[in-house]
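Both counts, for ligands and for their atoms, begin at 1 and track the order of listing. Every value quoted in this text rests on a predicted model; they were computed, and no experiment measured them. Note: hydrogens, waters and symmetry copies are ignored here, and every other heavy atom, side chains too, is used. Along the sequence shown, the residues carry numbers beginning at 1.
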Amino acid sequence: MYKILKKEVLAPALHLFEIGAPRIAAKALAGQFVILRIHEEGERIPLTVADFDRQEGTITCVFQEVGKTTRQLGVLKEGDSIMDFVGPLGVPSHIENYGRVACVGGGVGVAPVHPVARALKKAGNEVIGIIGARTKELLFWEDKMRAACTELRVTTDDGSYVRKGFVTDVLKEVIEEKGRIDLCLAIGPLPMMRAVCDLTKKYGIRTVVSLNSIMVDGTGMCGCCRVTVNGEMKFACVDGPEFDGHGVDFAEMARRSVIYREQERQAVEVYGESACRCGCGGGRQ
Ligand SMILES: Cc1cc2nc3c(=O)[nH]c(=O)nc-3n(C[C@H](O)[C@H](O)[C@H](O)COP(=O)(O)OP(=O)(O)OC[C@H]3O[C@@H](n4cnc5c(N)ncnc54)[C@H](O)[C@@H]3O)c2cc1C
Ligand code: FES
C-alpha cells in the first residue's frame with residue numbers, strides 16, 4: 001500500500017497528493033509517469049510525476065477530477081492509502097543545453113511542465129515559462145514555476161489575473177520579442193498543444209508535446225495508447241509520452257480520446273448513485 005502523506009487542494013477539483021513511494025522516488029526523472037489503482041477492483045489511471053523527493057522518498061502528483069476514478073481519488077485524505085502505484089514509466093524528457101527554451105503549461109499541464117523546466121534550467125538553458133488557466137482560481141504553482149524558470153509569464157483566458165489571453169498569445173509575443181527560441185515544450189489540453197504546434201511550425205521552432213492518450217497497462221503490451229507521429233505508429237507509454245509535436249496526428253488523437261465517452265459518463269452516473277450522502281466518501285467503489 002502507498003500512503004498519501006500530504007494532500008492539498010490547489011483549485012476547485014484540482015488536488016495535489018504527496019505519496020510515499022521510496023523506490024519510485026529513487027529513480028523518477030522529469031517527463032515520466034506512474035499508473036495507480038485505488039483498490040482491488042479499481043481502474044488503472046496514469047498520472048505524471050509532477051515532483052519527487054529522493055531523500056523523503058515521495059512522489060508528487062497533481063490531478064484534476066474529470067471522471068469516476070479521479071473523483072474517487074479526490075475523496076481520499078491524508079493518511080489513506082492507494083493499493084497500486086507503479087513507476088516510473090515512460091521515457092524521461094531529453095534534457096540538454098539547447099539555449100533558449102519556452103516551457104508552456106496550460107491548466108493542469110503546469111504540473112508536468114514544472115520538473116522538465118527545472119531540469120532544463122539546471123542544464124544551463126534560458127527557460128521562459130508560460131503558464132495559463134481559464135480563470136485566476138484555477139491557476140496554481142506560479143511560485144514553483146517562477147523558481148524553475150529564468151523568466152515566467154502568466155495569463156488567464158478571462159483576464160481575471162495578470163492579463164487576458166491564451167498561452168499561445170503570450171508565446172507569439174515571446175517569439176517575436178526574443179527573436180530566437182531553440183525549443184518549445186508544451187503540455188496541456190489537446191487543443192492547446194495543437195495550437196502551440198500550429199504556431200511554432202510557422203516559425204520553424206522544434207516543439208515537444210506530452211500526450212495523454214488512453215492507457216491501460218503502460219508497458220507496451222495492450223496497444224491502447226497508440227498514436228501516429230510522423231506517419232509512424234507509436235505507443236505513448238513506452239515510446240513517449242513526449243513526441244515531436246509537429247509530427248503528431250492530433251485529429252486522430254482527438255477521435256481516439258473520446259471513444260469511451262459513453263462508458264465514462266455511465267461510470268460517473270453509477271458512482272454518484274452509490275455514494276453515501278453524508279459526505280464521508282463511503283459506499284463508493
Ligand atoms: C501519461 C499520462 C499522464 C497523465 N498525467 C495526468 C496528470 O498529471 N494529471 C491529471 O489530472 N491527469 C493526467 N492524465 C490524465 C488522467 O489519466 C485521466 O484524467 C484519468 O485517467 C481520468 O480517469 P477518470 O476515471 O477520472 O475519468 P474518465 O471518465 O474515465 O475519463 C475522462 C477523461 O480522461 C481520459 N482517460 C480516462 N481513462 C484514461 C486512461 N486510462 N488513460 C488516459 N486517459 C484516460 C479520457 O480520455 C477522458 O477524456 C494523464 C494521462 C496520461 C496518459
Ligand atoms: S498503455 Fe498499453 S501499450 Fe501503452
Identity and distance of the protein heavy atom lying nearest [atom]:
| atom | value |
| --- | --- |
| atom 11 (O) of ligand 1 | Q64 N, 2.8 Å |
| atom 27 (O) of ligand 1 | G67 CA, 3.2 Å |
| atom 49 (O) of ligand 1 | S257 O, 4.0 Å |
| atom 33 (C) of ligand 1 | V66 CG2, 4.0 Å |
| atom 41 (N) of ligand 1 | M215 O, 2.7 Å |
| atom 38 (N) of ligand 1 | E43 OE2, 3.8 Å |
| atom 28 (P) of ligand 1 | E264 CG, 3.5 Å |
| atom 8 (O) of ligand 1 | T48 N, 3.1 Å |

Judged by atom type as modelled, is there a donor-acceptor pair below 3.5 Å linking the side chain of [X] to the main-chain atoms of [Y]?
| X | Y | answer |
| --- | --- | --- |
| S160 | T135 | no |
| N125 | V127 | no |
| R37 | E40 | yes |
| D249 | T228 | no |

Atoms of ligand 1, numbered as shown, that sit under 4.0 Å from any heavy atom of [X]:
| X | answer |
| --- | --- |
| V62 | 7 (C), 8 (O), 9 (N), 10 (C), 11 (O) |
| F33 | 1 (C) |
| K68 | 24 (P), 25 (O), 26 (O) |
| T70 | 24 (P), 26 (O) |
| R44 | 41 (N) |
| I45 | 21 (O), 23 (O) |
| L47 | 4 (C), 5 (N), 6 (C), 7 (C), 9 (N), 10 (C), 12 (N), 13 (C) |

Can [X] and [Y] be counted as an ion pair, charged N to O under 4.0 angstrom?
| X | Y | answer |
| --- | --- | --- |
| K144 | D51 | yes |
| E151 | K178 | yes |
| E126 | R100 | yes |
| D84 | R44 | no |
| E177 | R153 | yes |

Reported [atom1]-to-[atom2] distance for the pair [X] and [Y], which is rounded to 0.5 angstrom:
| X | Y | atom1 | atom2 | answer |
| --- | --- | --- | --- | --- |
| R226 | K234 | CZ | NZ | 15.0 Å |
| I24 | T58 | CD1 | OG1 | 11.5 Å |
| D157 | F166 | CG | CZ | 5.0 Å |
| C103 | L152 | SG | CG | 10.5 Å |

For E242 and S210, test the side chains for any donor-to-acceptor distance below 3.5 angstrom and give the result as yes or no.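 No, no side-chain donor-acceptor pair sits under 3.5 Å.
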Scan side-chain atoms only and decide if H15 and E65 contain a donor-acceptor pair under the 3.5 Å cut-off.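 Checked: H15/E65 side chains pair up, N/O donor to acceptor below 3.5 Å.
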Under the side chain to side chain donor-acceptor pair (under 3.5 Å) criterion, do H94 and E96 qualify, and how do the steps go? CA-CA 7 Å; H94 182 78; E96 65 171 64; 2.8 Å; yes
Does an N or O anywhere in F63 fall below 3.5 Å from an N or O of ligand 1?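 No, no N or O pair falls under 3.5 Å.
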Do any N/O atoms on V108 end up under 3.5 angstrom from N/O atoms on ligand 1?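 It does not: no N or O of V108 is found under 3.5 Å from an N or O of ligand 1.
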Is there a heavy atom in P112 that sits closer than 4.0 Å to ligand 1?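 Contact absent.
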Taking 2.8 Å as the limit, list every protein N, O or S atom around atom 2 (Fe) of ligand 2, by chain and residue number.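 Atoms qualifying: D217 OD1, C222 SG.
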Proximity to ligand 1 by part of S213, non-hydrogen separation under 4.0 Å: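 Backbone only; the side chain of S213 stays clear of ligand 1.
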Out of V34, N212, T69, who gets a non-hydrogen atom closest to atom 13 (C) of ligand 1?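 The residue whose heavy atom sits nearest atom 13 (C) of ligand 1 is N212.
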